Structure formats: C-alpha cells, structure tokens
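Here, residue 1 is the first one in the sequence, and each next residue gets the next number. Model, not experiment: these values are computed from the prediction.
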Amino acid sequence: MYKRQFQSYELFPHLTVLDNITLSPVKVQKRKKDEVKAEAMELLQRVGLADKAASYPRQLSGGQKRRVAIAGVLAMKPEVLILDEPTAGLDPKGRNDILDQIAQLHRKMGITVVLVSHSMEDVAKYVERIIVMNRGEIFMDGTPKQVFERYDALESVGLAAPQVTYLMHRLHEIFPEMPTEAT
C-alpha cells in the first residue's frame, strides 16, 4: 500500500488544483487519468472548491490549499486519514471550515480519521474517541465526556479541557443543583 506523507500543505505551484489532486493517483497508482479526473472533481465538490479546479496554488488562501491537499490524499483512496494539527496557523473561520469538511468526509466516505491536536475545543466538537498520549504512552482513552470529566488529570500532563468544562464546574460550585456537564 502506498502511503503519502506530508507535514506542510505545499502544492506543486506549476500545476492547477485539479492536476495537483490527480498527480499521485495517475503517476503512483497508475490509474486512468479520465477516471481520476472525474473523482477529483467530485472531491473538489465535497471540499467546496469545484470552482477552483483550474486555479493555481498561488491563487488560493491557506485554508483552501489545505482542502486541496486533503482532496489529493483522498484521491488515493486511503482507509485511514491521519491529520497532524491540520488547522495550525489558520484563523478561527478557516479552522472551523477545515474541521467541518473533515467531519463531513468522515461521515460520507466512512474514512477513519485520526486527528492530532492540542486544541481541546476542536477535539470536544469533532471526535468520537480521545486518546491522550503522555511520554509515548496512552494516558487516557475514552469518549470526550469521559476524558473531560477528568480535567484535573489532563492538566497534570499539560493539557486543558474545553473552557465550557471549567465554566460548568465553577457554576456547579456556586449552584450545587446545577449539573457539571453542558447539554
């Protein structure tokens, strides 16, 4: 199985968006160009960039480049998509756009997505399961609710729970009848 790895979201500047997406499936996987182009256009539609197929990377925003890079990886038909801090350096809207797209791709395509992130706000909103690593070992493993209930343990390894967790616990201290979890 071919694995495409990249840390940056750099695209080939001399190729159009469509050509960037079709390059690996055609050259590496030796798939038919017409078939791959049709799939690439569908992927561009899914990531909201069908109108940018003929554009060049220099004409795209940072968030758009990331969506093109993700479409390029998806064109390889992976079973698992591993994203390491895919929203680093993006403004809040760009961050939400990328994560919304990833969540939608997960639901529609059934791809397992492993999201590496230090942003517990993002994690709380988008994931079904959290594995907290500490010094190369699994420190916690559970649903967001299970993990964030132990916010004190998270803090012991340098992480913080989402702000709403702290707010709900503080409100519960003031008003004991109030639940500690947001609904």
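- Annotation: side chain of Leu81 is not in contact with side chain of Leu105 (no heavy-atom distance under 4.5 Å).
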| task | Might you work through the side chain to side chain contact (heavy atoms under 4.5 Å, CB included) test for Ile21 and Val36, ending with a clear yes or no? | result | CA-CA 9 Å; Ile21 293 171; Val36 173; over 6 Å; no

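- The shortest non-hydrogen separation linking Pro78 to Val73 is CD-O, 3.3 Å.
- Applying the salt bridge (charged side-chain N to carboxylate O under 4.0 Å, His left out) test to pairs two or more places apart or on separate chains, those with a residue in residues 36-62 are Arg31-Glu39, Glu39-Lys77, Glu42-Arg46.
- Legend: side chain to side chain donor-acceptor pair (under 3.5 Å) pairs involving residues 133-144, not counting sequence neighbours, sorted by first then second residue: Arg129-Asp141, Thr143-Gln146.
- Scanning for side chain to side chain donor-acceptor pair (under 3.5 Å) contacts around Arg150 gives an empty result, with sequence neighbours left out.
- Cluster membership for Ile130 and Val157, using ILVMFWY side-chain heavy atoms within less than 4.5 angstrom, is shared.
- Put simply, CG on Leu99 and CG on Leu115 are 6.5 Å apart, with the number rounded to the nearest 0.5 Å.
- Scored by the side-chain contact (heavy atoms from CB on, under 4.5 Å) test, Leu23 finds Phe12, Leu15, Lys27 as partners (sequence neighbours excluded).
- Closest approach of Leu49 to Arg67, counting heavy atoms only: CD1-CB, 3.8 Å.
- Sorted by first and then second residue, the pairs that involve residues 119-128 and meet salt bridge (charged side-chain N to carboxylate O under 4.0 Å, His left out), not counting sequence neighbours, are Arg95-Asp122.
- In terms of heavy-atom proximity, Ala53 sits nearest to Leu44 at CB-CD1, 3.8 Å.
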| Checking side chain to side chain contact (heavy atoms under 4.5 Å, CB included) for the pair Leu90/Arg66: CA distance, chi angles, key distance, verdict? | CA-CA 10 Å; Leu90 294 179; Arg66 288 185 192 199; 3.8 Å; yes

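- A pairwise comparison of heavy atoms in Leu60 and Ser55 identifies CD2-CB, 4.4 Å as the closest pair.
- Taken to the nearest 0.5 Å, the CD1 atom of Ile98 stands 8.5 Å off from the OG1 atom of Thr87.
- You'll find the side chain of Leu154 reaches within 4.5 Å of the side chain of Met140, heavy atoms only.
- Here the straight-line distance linking atom CE of Met109 with atom CG of Leu74 works out to 5.0 Å at 0.5 Å rounding.
- Rounding to the nearest 0.5 Å gives a distance of 10.0 Å between CD1 of Ile111 and CD of Glu79.
- Residues forming a side chain to side chain donor-acceptor pair (under 3.5 Å) with Thr165 (at least two apart in sequence, or on another chain): none.
- A donor-acceptor contact shorter than 3.5 Å links the side chain of Ser61 to the backbone of Gln64.
- Applying the ring pair (Phe, Tyr, Trp, His ring centres under 6.0 Å) test to pairs two or more places apart or on separate chains, none has a residue in residues 94-145.
- Atom CD of Gln45 has 12 or fewer heavy atoms from other residues, nucleotides or ligands within 6.0 Å.
- Sorted by first and then second residue, the ring pair (Phe, Tyr, Trp, His ring centres under 6.0 Å) pairs involving residues 156-178 (not counting sequence neighbours) are Tyr151-Tyr166, Tyr151-His169.
- Residues Ile102 and Met120 share a single hydrophobic cluster, defined by chaining ILVMFWY side chains whose heavy atoms lie under 4.5 Å apart.
- Residues passing the ring pair (Phe, Tyr, Trp, His ring centres under 6.0 Å) test with Tyr56: none are found, sequence neighbours excluded.
- Using a 4.5 Å heavy-atom threshold, the side chains of Asn20 and Pro57 count as touching.
- Once rounded to the nearest 0.5 Å, the distance linking NZ of Lys65 with CD of Gln59 reads 10.5 Å.
- Shown here are the side chain to side chain donor-acceptor pair (under 3.5 Å) partners of Lys93, two or more places apart in sequence or in another chain: Asp97.
- The side-chain contact (heavy atoms from CB on, under 4.5 Å) search around Val114 returns Val80, Ile82, not counting sequence neighbours.
- Closest non-hydrogen pair, Val127 versus Pro144, comes out as O-CG, 3.5 Å.
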